[in-house]
Each structure stands twice: as C-alpha cells, then as structure tokens.
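Below: one structure, written as structure tokens.
All of these numbers come straight from a predicted model, not from anything done at the bench.
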Number of protein chains: 2
Amino acid sequence: MKVNFKNKSALDQFKLEKYKRGLKTSKKRSYIVQYFLAADRHYSIEELYDELRAEHPRIGYSTVYRTMKLLTECGLASERNFADGVARFEPIHRTHHHDHLICTGCGKIIEFTNRNIERLQQTIARKYKFVTASHKLELYGLCAACQKKKRKNS
Amino acid sequence: MKVNFKNKSALDQFKLEKYKRGLKTSKKRSYIVQYFLAADRHYSIEELYDELRAEHPRIGYSTVYRTMKLLTECGLASERNFADGVARFEPIHRTHHHDHLICTGCGKIIEFTNRNIERLQQTIARKYKFVTASHKLELYGLCAACQKKKRKNS
DNA sequence: GTGAAAATGAAAGTCAATTTCAAAAATAAG
DNA sequence: CTTATTTTTGAAATTGACTTTCATTTTCAC
C-alpha cells in the first residue's frame, strides 16, 4: 500500500493507521469513511447505515459498525453518548474539545466551546482533589425552530 | 390509607403519591424505599438489590427495579446515567440541581454545584437561541486516594 | 493467477433494562 | 371474619442496542 506520509488529511491518516495494522482496503469501507468524513455531522450507526444503503444496498450493518469503531480508534471519529441511549459518532477535523447543545424536539446538535466553563471545571476538580481526564457537558432544550413550532401547537 | 397531608417528609410524599394512584402498600416496597432514602448515596439497581437481599433474601430484582422507577416518578429519586452504561439512582432530599465528579478508579461520586457554570450555560444557550430544560455536567478523573494508589503501583 | 490474510454480512450472542404472567399479598366488600 | 377484587411479586421471557462469530467473498503480495 502506498501511503503518503506527508499528507495529513483525515483519509490519509486513516490509511496510514490501516497500513500500520496490516488492514486491507475495501470499496465498502472506503465509501463509508468518505461519506462519513464528508458529512461533518453526528451520526448514529443506524442513521449512517440507512443513508449509505441508498447508494450501496449491499452494505451490512456490521460493516458500518466496524468501520465507525475503526475510525474512532484511529482518532478520526469520536463516539458520543447522549441521553437517548443511542451512540453517535462525529468526525474529528480539529483537535480541540467541545461540548453539545441538543434539541430534544428535532434532535439537532450544536457544538460549542467555552474557555471559562473549562476553567471553572478545573477549579472544581482542584477543590475536591480530583485530577480530571475527561468531562461531559450537555445542554438539553429546544432550538429556536422547535420553540416556535411548540407555540403554534398550543 | 391514612396520609398526613401536612407532613412533607419524603416517605409521606411517596405515600401520598401512591394514594393518588391507588397503589397498595407492601412490606417489601416500604423496606426498599426506606433503605434507599436513608442511604443518601448513588445506587444502581444491582447494588441496591444485593444490599437489600442481605436482610430480605426474598426480594426480587424486578421489585427493586419497579420501586426505583416509582420513586423517580414521584420525584423522590433521580435517575443518572454515567459513562459506565449502568443507571444509578440518587435520593432527592433537596430541590436544587447539582452536577457530578466521578472517580474512574473507585467509582466514588461527588456532587457539586457552581452558580457560575450554570450562569455560563445560560449564556451559551441564549447565544444559540436555545431554551434549556436540563443539562448534564460530569467530570471524570481520579480522586486523591486513587491518584496515590496509582503512583504507588508505577 | 494463486494462496494467505482480511473484510463482509447474516445470524447469534451480550448485557442491562423492561415486561409478562401466574401466584401471593393487600385491601375492599359483604 | 370470609370472600372478592385489585395490586404486588419474582422468575422467566422479551427488548433493544451493541458486539461477536463464522462461513463466504474480496483484497493483495508474490
């Protein structure tokens, strides 16, 4: 396999990782990876599977599942567990951490970061003599559109 | 059933709720409720079930499960889903919201509140035109004891 | 091309959560 | 108190998302 070690694009990082592990390249996996990385949104396995099938009806659920796990291990995707009990994956194009605003009406997910909150979290951890490895901050509510919809229906 | 409407203790609130729904009182359920509310800590169904069995070997898992769900519906317990995928319940003795510090070493859970963080969360929600209904903030890391333990073993 | 190794997908297995259902317990009615 | 009605119980079955298995297909190094 030819790997361009200078190209740091996400897809190449994936190929490089595969190379190190001795994986092979398959059309289906490549298609899944490209589709997912291009989408730039959160996907559950189910959602991704459904969309992919439109173009590639012979893709199996397990393959989508395994590909997402692979991407996660390679650091190209991040697995998130929100309140509905279904795991979602997001592409990682940038390194920095972010948190989520989740609309309980339509499922829209917005990412945000806030240095002050991060700082306050560290203050709290210090107070309780904790060394934090990770954190999770999720705000659940209604987005502007769903608020409007709700007002109409009541 | 005699319900003292003036007594606002947690157990009575539970009884009142039962009264409204036409439930019956059973020894087992009462025992579970009392035990849980007295404990003032986080319990998974499994943990609670194991402890209760020590005294009451004939209590079934389903009964513990159903009682915790009941308590949650009555507003006397709150269900939390941390990163290990096992639901935990905490008694609600006070109204105000709090967040969690969770030790990934020993499982210890510390509750905290921080007005500034809450305020910042509202600022963020406003920025994205969200109206938040709830939020979840969890800090994962090692408590002082587990840090010490780790240093010893390495 | 050929053969070794990896990828695939349907089906099976996990694991916690939840529900079912026949028997037991609690309460109501007589 | 005794029977009738309703709720509760617990063992077992089911659910739902996730994960693994295994026989077959595909990939790739030679």
Under 3.5 Å, is there any donor-acceptor pair linking the side chain of K24(B) to the base of dT6(D)? yes
Separation of dG10(D) atom P from I59(B) atom CD1, nearest Å, is 7 Å
Separation of atom CD in E46(A) from atom P in dA17(D), rounded to whole Å: 7 Å
Length of the OH-P vector between Y19(B) and dA28(C), whole Å: 10 Å
Starting from P on dA16(C), measure out to CD on E47(B) and report it in whole angstrom. 12 Å
For I32(A) and dA7(C), what is the distance between atoms CD1 and C1' respectively, to the nearest whole Å? 11 Å
Pairing residues for E73(B) by the salt bridge (Lys or Arg N to Asp or Glu O under 4.0 Å) criterion, not counting sequence neighbours: R21(B)
Which class fits the ring pair F82(B) and H100(B): parallel under 30°, tilted 30 to 60°, perpendicular over 60°? perpendicular
Neighbours of DNA chain C within residues 62-89 of chain A, by heavy-atom distance under 4.0 Å: S62(A), T63(A), R66(A)
Under 4.0 Å, heavy atoms only, any strand: does I45(A) hit a base, just the sugar-phosphate, or nothing? nothing
Are E47(B) and R41(B) ion-paired here, with the side-chain N under 4.0 Å from a carboxylate O? yes
Side-chain ion pair, K20(B) and E17(B), N-O less than 4.0 Å: yes
What residue among E51(B), E46(B), R53(B) forms side-chain hydrogen bond (donor to acceptor under 3.5 Å, both in side chains) with Y49(B)? R53(B)
Using atom NE2 of H56(B) as one end and atom C1' of dT9(D) as the other, report the distance to the nearest whole Å. 13 Å
Between dA25(C) atom C1' and R58(B) atom CZ, what is the distance in whole Å? 13 Å
Going only through I, L, V, M, F, W and Y residues with side-chain contacts under 4.5 Å, is there a path from I102(A) to L120(B)? no
Taking the six-membered ring for Trp, are F112(A) and Y128(B) parallel (under 30°), tilted (30 to 60°) or perpendicular (over 60°)? tilted
Proximity to the side chain of S26(B) - top-ranked nucleotide from dT9(D), dA7(C), dT7(D): dT9(D)
Nearest-nucleotide wise, let me know which of G22(A) and Y61(B) is further upstream toward the 5' end of DNA chain C. G22(A)
Side-chain N or O of R29(B) less than 4.0 angstrom from OP1 or OP2 on dT8(D)? yes
Quickly work out the K18(B) NZ to dT8(D) C1' distance and round it to whole Å. 11 Å
